[in-house]
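Here's a structure for you.
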Amino acid sequence: MPAHAMDPANGPVVDMLNEIADILEITGSDRFRPLAYRRAARTIEALPKPVSSYIAEGSVSQLAGVGGAISAKVKEFTTAGRVEYLENLRKTIPSGVLEMLKLQDVGPKTAGRLFAELRVTTIDELEKACREHRVRGLKGFGEKTEEKMLQSIEFYRSGGGRFLLSAADGVAAMLVERLGKYAQRISPAGSLRRRRETVGDIDIIASSALPEGIMDAFAAMPEVRNILSKGDTKSSVLLTNGLQADLRVVADESFGAALMYFTGSKDHNVVLRTVSIEKGFRLNEYGLFRREDSSAVAGRSEEEIYGALSMQYIPPELREARGEIEAASANALPALVEEGDVKGDLHCHTDWSDGSSTLEEMAAAAEERGYEYIGITDHSGSEKVANGLSAERMHRQIERIHALNSSGRFRVRVLCGSEVDILPDGRLDYDDDILGRLDYAVGSVHSRFNMEKKEMTERLLTALSNPHLSIFGHPTAREIGRRDAITFDADAVFGAAAENGVLLEVDGSPSRLDLPDALIIEAKKHGCGFVLDSDSHHRTSLADVRYAVGMARRGWLEKKDVGNTLGAAELLKALHA
DNA sequence: GCCGTTTTCGGCCCGACTGTTTTCAGTCG
């Protein structure tokens, strides 16, 4: 699995640790050692800052799951760029064998045996071995295994991977809608429910006294390309759009436990189980049970289970083992911001630049959503490809918005904003006379993404010191699966944003989701304020603000952290802080 | 390899499903 580290600098370290784990699993006898490497990898993957900064302050071995041996390897890797231990491990196994692990239903034992007994060293060779029916010659392997492997190879080559949350969201809603009539209760679970930025598959949990009915309906849906497995309580299908969907059915008294279990995260579940054991319980997908007599304590709802463990209810977005269990036990969970708290959108485009709805359509759509205000932020002049507004057109748009507001045509107040390019030298793309006329400016990076960290940090610090800048738009400028985050010194940039009162945007555009959660957490520590926007280019995508809300909740944000939960008058004051 | 109010050893989540078995190993989540 490629690393999706919160700080891109940590990607190679995470890959290094996971590769060690992979090789140890294929060759090794100790099954816990690879787990230790994976745990350390997960910890480092979630770090908001380069692991080198933890090395510098001597705190690497204090990270969860990182002890003496692993911290030594991490240090060796960051200084030498390679790890002797891994170099030696690599000699024992061809890299193609590692790649086979990416195939569904091929794990370390299978890959190891294919290599040891058939000398299969690549996925291509595995395909050949299956076609020549050599795999079925191995003890414990048969005809169906060969067929499954060929299917997995095909799926892998067609790029079966993770999907944007927004793509999965619609499918999950369809599944819930379609299967709802067969269930007592039904809900999406998994990373989709936790509002992660990408999801690998869709998990649906349902309760029913008649599981066969819902299972049959699930497998018979027209969107099903093939059935991966089908049992009494659990089935998996591959949908025609390439997404995998899993359905799990339990009795209604276990619905909460199953929902909790399959919502995860895995790490959250592990910690929760540990806490359960400490308190004399056993927790599984059927409920919470007393250990001494196995009597049921809770299971009908998640609230009931957290309650029985003397905790506050933990919203799914927080279930990442980032201290939420400790906070819930201490009655100290944040009151997370909700979509209904948002009083207006501050990042919207119209057909004046690269949007496809008119100013009036956007205002009407904002009004329909019950917003108090909508900020229009078309692109500035440098954005030629996006039809950015020249100074002259920007002046005209301001006049137009003023006229619209005084016309009384809309109850919603239209704010004059702009998404102003942060130029490579850190200046904003409009002169002060325009910036001074705007209600506020959103500054964004749209060019020269590959600047060195030091230069990029300078660029951003210059922009953040501009008194006309109110909001730092999609701060990392990443596009999920397409473009990496820009690199900058997060401490310096967030510190400057806090000091200058520049609010950080959480952009809800489905392929941006920027800031991401770990950086939100980091920025909040610096005392930054935030805004939640849709970055919509069409009147229907104002609803994308829900993805910004999801990310904000994953970042532990409360209503008071978010500027656009304020009324218009207070907001304008905050934007000029 | 990591970890610790069961602490320096002995655990490390655990249940469903599949394909191959004839009681289970491997994979997945």
Side-chain angles (χ1 to χ4, degrees), chain A residues 1 17 20-21 24-26 28-43 60-74 85 100-114 135-149 151-152 189-194 199-205 211 215 227-237 244-250 254 257-289 291 321:
Chain A
M1 193 186 350
L17 294 172
I20 291 176
L24 288 175
E25 272 186 337
I26 292 172
S29 46
D30 180 354
R31 95 200 148 83
F32 293 106
R33 189 171 300 184
L35 284 179
Y37 278 96
R38 289 202 197 287
R39 170 140 194 257
R42 277 206 307 275
T43 298
V60 202
S61 53
Q62 283 161 33
L63 299 171
V66 182
I70 292 182
S71 67
K73 291 183 180 77
V74 170
Y85 178 68
M100 291 198 287
L101 295 181
K102 294 176 182 164
L103 300 173
Q104 216 161 42
D105 296 316
V106 177
K109 296 283 187 258
T110 305
R113 286 193 56 202
L114 289 167
V135 173
R136 67 181 65 172
L138 299 185
K139 188 170 164 56
F141 289 66
E143 194 178 334
K144 285 194 174 172
T145 307
E146 282 178 345
E147 279 168 24
K148 261 197 153 172
M149 281 178 175
Q151 275 182 25
S152 295
S191 50
L192 179 134
R193 182 162 180 252
R194 301 199 314 279
V199 301
D201 59 14
I202 296 176
D203 297 302
I204 305 286
I205 305 302
M215 280 302 174
I227 299 169
L228 301 171
S229 72
K230 183 163 181 279
D232 295 337
T233 65
K234 185 185 170 187
S235 297
S236 295
V237 300
Q244 183 182 323
D246 297 344
L247 174 64
R248 180 71 187 236
V249 186
V250 295
S254 293
L259 186 58
M260 178 186 261
Y261 186 86
F262 288 101
T263 295
S265 67
K266 204 177 157 113
D267 292 343
H268 177 85
N269 286 349
V270 169
V271 179
L272 209 54
R273 270 166 192 273
T274 311
V275 172
S276 302
I277 291 167
E278 282 166 8
K279 291 179 187 283
F281 298 115
R282 182 166 50 86
L283 179 64
N284 59 29
E285 59 260 58
Y286 299 108
L288 184 70
F289 304 91
R291 275 220 288 184

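A, B, ... follow the sequence lines: proteins, then strands. Residue 1 opens every chain.
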Can you tell which of B:dG19, B:dG1, B:dA16 lies closest to the side chain of A:K234?
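The listed nucleotide nearest to A:K234's side chain is B:dA16.
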
From the list B:dT6, B:dG19, B:dG26, which nucleotide is the closest neighbour of the side chain of A:R291?
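The nucleotide sitting nearest to the side chain is B:dT6.
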
With rounding to the closest Å, how many angstrom separate the P atoms on B:dT6 and B:dC12?
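Rounded to whole Å, the distance is 15 Å.
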
Distance-only donor-acceptor test, A:Y261 side-chain atoms vs B:dG29 base atoms, 3.5 Å
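Side chain to base: pair present.
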
How many whole angstroms separate atom CD1 of A:I277 from atom P of B:dC13?
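Interatomic distance, CD1 of A:I277 to P of B:dC13: 8 Å.
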
Using only atom types and a distance under 3.5 Å, with no angle test, would you say the side chain of A:S265 pairs donor to acceptor with the backbone of A:H268?
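Yes; at least one donor-acceptor contact below 3.5 Å.
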
I want to confirm an ordering. Mapping A:R39 and A:E143 to their closest nucleotides on DNA chain B, which one lands closer to the 5' end?
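Result of the comparison: A:R39.
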
Pick the C1' atom in B:dC14 and in B:dC9, then give their distance to the nearest Å.
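B:dC14 and B:dC9 have their C1' atoms separated by 24 Å.
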
Rounded to the nearest angstrom, tell me the gap between atom CG in A:L283 and atom P in B:dC14.
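These atoms are roughly 10 Å apart.
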
In this structure, which one of A:K148, A:Q244, A:Q151 forms a side chain to side chain contact (heavy atoms under 4.5 Å, CB included) with A:Q104?
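When side chain to side chain contact (heavy atoms under 4.5 Å, CB included) is applied between A:Q104 and each of A:K148, A:Q244, A:Q151, only A:Q244 qualifies.
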
Let's test this: given Watson-Crick or G-U wobble pairing with both distances under 3.5 Å, identify the partner of B:dT8.
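In the structure as shown, B:dT8 has no Watson-Crick or wobble partner.
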
Does A:L138 or A:R248 map to a spot on DNA chain B nearer the 5' end, using the closest nucleotide for each?
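Per heavy-atom nearest nucleotide, the more 5' residue is A:R248.
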
Using a cut-off of strictly less than 4.0 Å, decide whether A:T145 has a side-chain nitrogen or oxygen near OP1 or OP2 of B:dT20.
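Yes, because at least one side-chain N or O of A:T145 sits under 4.0 Å from OP1 or OP2 of B:dT20.
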
Nearest-Å distance once atom P is located in both B:dT27 and B:dT20
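Result for the P pair: 14 Å, nearest Å.
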
Distance (rounded to the nearest 0.5 Å) between A:Y261 OH and A:K266 NZ:
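Those atoms lie 8.0 Å apart.
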
Span that lies between the C1' atom of B:dC13 and that of B:dT8, in whole angstrom:
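The same atom, C1', in both gives a distance of 24 Å.
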
Which nucleotide wins on minimum distance to the side chain of A:K148, given the candidates B:dT18, B:dG15, B:dC28?
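Output: B:dT18.
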
Side chain of A:F32 only, heavy atoms from C-beta on: which candidate in B:dC12, B:dG15, B:dT20 is closest?
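Nearest to the side-chain atoms of A:F32, counting from C-beta on, is B:dC12.
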
A:E285 bridged to A:K234 by N-O distance under 4.0 Å:
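No.
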
Heavy atoms from C-beta onward define the side chain here; which of B:dT20, B:dG26, B:dG29 lies closest to that of A:T110?
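Nucleotide nearest to A:T110's side chain: B:dG26.
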
What nucleotide among B:dG1, B:dA16, B:dG29 has an atom nearest to a side-chain atom of A:Y37?
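Of the options given, the side chain of A:Y37 lies nearest B:dG1.
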
A:L228 CG to A:D105 CG distance, which is reported to the nearest 0.5 Å
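Going from the CG atom of A:L228 to the CG atom of A:D105 covers 8.0 Å.
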
Nearest to the side chain of A:R273, which nucleotide is it out of B:dC14, B:dG1, B:dT27?
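For A:R273, the side-chain atoms sit closest to B:dC14.
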
Can you tell me, in whole Å, how much space there is between the C1' of B:dT23 and that of B:dT18?
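The answer is 15 Å between these two C1' atoms.
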
Would you say a side-chain N or O of A:T233 is under 4.0 Å from OP1 or OP2 of B:dC17?
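Result: yes.
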
